[in-house]
Amino acid sequence: MTAIEVPGGPAAGLGGRLRLRDSGIRRLFGALVLVFVGGYVASWLLPGFGVFPESWDVGFAEPIDRARRWLINNQTTHGLYTVFLNPISDAIDAAIRWIESALAWLPWYVYPAFTGVGLWWARSRMAGVLGFLGVWAIGVLELWEEGLSTLALMGVAVIISLAIGIPLGIAAWRSDRFAKLLRPTLDAMQTMPGFVYLIPFVLLFGIGRVPSVISVFIFAVPPVVRLTEVGLRNVAPSMVEASEMFGATDRQTLRLVRLPQARPAILAGVNQTIMLAMSMVVIAAFIGAGGLGQVVLRSLSSLDVGRATEAGVSIVIMAIILDRFSQGIATASPGRDARWIRPIFGGTVAAAVVGGLLNHSAFPEGLNWQFASYIDDAVGWMQIHLYDIADSGIGTGPFSDFVTLNLVSPLRELFSSSIPWPVMIGIGVVLGLAARGIRLGLGIGAALTLIGLLGTWENAMDTLAQVVVAVVVTLIIGIPLGIMAAQRDRFQTALNPFLDFLQTIPSFVLLVPVIMLFHVGRIPGIIASILYALPAAVHYTDLGLRRVPHEIGEAADSFGSTRLQRLRKVDLPLAAPELMVAINQTIMLVLSMVVIAGLVGGGGLGFEAVKGLRRSDSVGSGFEAGIAIVLLAGILDRLTRAVADRLRPPPAVA
Amino acid sequence: MTEAVRTVGVSGLWKVFGRKPSEALAMAREGVARQEIQDETGCLVGVRDVTFEVNQGETFVVMGLSGSGKSTLVRCMSRLVEPTEGTVEICGADLTAADAAELRELRRHKIAMVFQHFALFPHRRVVDNVAYGLEVQGVERNERQERARELLSTVGLDGWSDHYPQQLSGGMQQRVGLARALAVDPEVLFFDEPFSALDPLIRRDMQDEFLSLQERLQRTLIFITHDFDEALKLADRIAIMRDGAFVQQGTAAEILTEPANDYVRAFTQDAPIAKVLLACALMRPLAATAPEGSWGRISTLAPLEEALPLLLASPNPLVVCDGEGEPVGLLHGEDVAEVVAGNSR
Ligand SMILES: Nc1ncnc2c1ncn2[C@@H]1O[C@H](COP(=O)(O)OP(=O)(O)O)[C@@H](O)[C@H]1O
Ligand SMILES: [Mg+2]
């Protein structure tokens, strides 16, 4: 969920488009022809036509594995651990345990009560009722303890994120130099699929909750840092002057004026951080985070779709509650009268203490009801009736096979072996050159070469093929939806709740329903990626079109353009930079999902990474796959951003 | 009359915005025009060699069109903007030489500002806005809240303390701004166009209230406005500012009767002079001849407006009397006619 700001004025695009067309396209075409000819010739001369030569593998996996072994052997003796890592690890571990036992001590009914009251206060009575029922549902599904464990882990990670993120944001606001250093770091952090963060921490800490918390923290911290800085920078100078006029010290102004004024922005950051933490804490099940994610993971691995669904539903309930609650707090305006909540809140706290002392902690036994068996039945039914309807060759199974055989696999073949690797690299260089310039071109070339040298060429091309398919489908669905949403408010209002919901689902959980329908393989991963990225594609298209100034559209109408003409000749070109942002976001989200889908037979880099996490003898190759994922993400992100910049109109002449 | 105590002294104050202030300053000293300096050095002369003094209890109004440097001047005087050159003295302390801690002390106890767009803190209740200055000083919570409520009632906002500023109308918001500035009991108050964001009717109410408040509190006030009528109404003394420099300073009567140049005259022409000028401003001293008993009488503080019908009714001058009814001067019809006619020319 990379939230890029979308700069660029509304009257965008037209000039940029023309520039690209005039100077760029013909030369770009020429360069590509050159690359093809030169690349084929080169790969003829070089060993291993097509696939990146295996003998060039730099063997990065070896030293990593050796390091891993060394780390395991020295965990109790070496200073790195005894002085530095173990204390951190112990502190985090203690914090998790402490919070977990505190949460477990509280009487179970405090949770639905607190959620209900909190959501009522932060949003509406209806939200309160739904939240109340939602928390109940988690208990009823017999996932209470797992839920608490996830909550504890989240809690620790979010607390660390805020305790470090907010001061970092303040520091970035205070010092421009620090901000200049921090911003690209955060950018890079946000382009990496969360999954990749697991690898280095497993290497350092092994499997468990501590590396989970740390990777969740790293993944979730950027938004709160960014938005703290943005919020502080946007405080009106007049407020600061008023404060200084009273002789306030800098600290006083910060505490009494700047931070409170930046509060909405900071809380928006907190909301995003919480949501990222939620999605990551589920993914961290891969490295032993436990909790609800663990249930999903275990059930998916054993294809126990029913149980996976129950856990998935619980996770979604938790995510929605946390999202709506933190959003409600972030958007609440000062001066709204909410004092009525105090006695109710006080009562809840009192009940918590009394209930805790009376040992009402556990969720009541007799209250459970599970629907896993129904799901399993449904899956069984589907296996008979949907995967291959009456053996006719029609159904989701044949569909998967068809798409795999006719689209995904050929594309993978094309990228990884039919097109020789020097040509692929050449194409990357030329695209980078055309989009921004020599530095981006060479950077992409270097990154692609490194992917090859790491011995991950084939897997990377496999992943790339999946990404391309998923991105194309997402855009084919998402852009028209965005256009319709921009043109009809009613359609937008109808679509929004659905997209909001889709966006709240942690990525990993999205796999569950897809697997229900499509079994394992590359297709469920691709479909989950499409669902995951669709909201962003629709949203940015809609946003871009809505930013086209009204008069310009009317000018087009005044020439008697049809709706379609206006869209094609005016609206879409003007919205081009935002459309490019839509494409950028789609690609990044798809990539992060495709990687996770390695778990359910998605293959490619994701599978290597998953294997590295699960088998201690594959840590090295997992690490290599992780680096390749980061490189791939970086290439795709820079390239699409460069195109988006190019599409922006030239700055106005002063 | 008690002896005047000087509370504010500004001398040779300059503010140059830009990267080469010393170059621009040198050019300005040689009399080069503002625009030319800007073209040459890229620097903008915001305040140009301003010197004036204000006494305790006096209201000093700085009047000028938008962009003439009024805000820059008050901001230099409170060092929200660093002056390029010159000194500002407040209650005997040299503000321009003060270090950060001294400046803070001065701001905490001696000066306060009321802003054009109120600059209230939207995240604090009205009462907490008013208490802000005291909070910064470290005054204990109950005490500062009590004082804040007191001031809110002084400005007529009882019962609004627990609201948030944005829930109040513009006029009420500026009352909060006023109460906030008064809460720290400052010697000198700066008003930067405090009423120009308000509707005309509300503005008039606020001006009246400003006058009655000042009558009671007797503070030293530096008041910025672009509205000449407002200046005439509120000022003890007025300075007219143009392109960063003072073109003329004096009492309302001095400026109305002897505008320094055409620029000032452009303002005075439209001024309701008969309403503003007082009898004492135009009276001639009592000659050897005692005024006759049948001549009309008028107070020193009566505006010319009141004298006109009496003068028209009889060929004789009016006897101007002080507060005790003692004659202090004579007001002649031809003097009044000259000023009023000159004004409407
Ligand atoms: N920080 C600044 N940097 C550069 N120029 C400024 C700055 N502040 C004000 N000015 C310029 O100084 C001139 C006087 O501004 P100001 O004092 O705000 O005028 P007034 O308050 O009389 O409308 C204006 O031309 C304005 O553009
Ligand atoms: Mg101003």
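Protein chains get the first letters and strands the later ones, always in sequence-line order, with residue 1 at the start of each.
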Applying side chain to side chain donor-acceptor pair (under 3.5 Å) as the test, list every pair that has at least one member in residues 157-180 of chain A; sequence neighbours left out.
Asp176(A)-Arg233(A)
With a 4.5 angstrom heavy-atom cut-off, which part of Arg75(B) approaches chain A: side chain, backbone, both or neither?
side chain
Heavy-atom contact with chain A under 4.5 Å, split by part of Phe118(B):
neither
Counting neighbours of CG on Asp500(A) that are heavy atoms of other residues, nucleotides or ligands and sit closer than 6.0 Å, is the number greater than 12?
yes
With a 4.5 angstrom heavy-atom cut-off, which part of Phe115(B) approaches chain A: side chain, backbone, both or neither?
side chain
Counting only heavy atoms from other residues, nucleotides and ligands, does the tally under 6.0 Å from CD of Glu102(B) exceed 12?
yes
By a 4.5 Å heavy-atom criterion (distance strictly below it), what part of Leu106(B) contacts chain A: side chain, backbone, both, or neither?
neither
Checking heavy atoms, do the side chain of Arg124(B), its backbone, both or neither come under 4.5 Å from chain A?
side chain
Sequence-distant partners of Phe60(B), ring-ring contact (aromatic ring centres under 6.0 Å, His included), two or more places apart:
Phe52(B)
Please report whether the ring centroid of Phe325(A) lies less than 6.0 Å from that of Phe114(A).
no
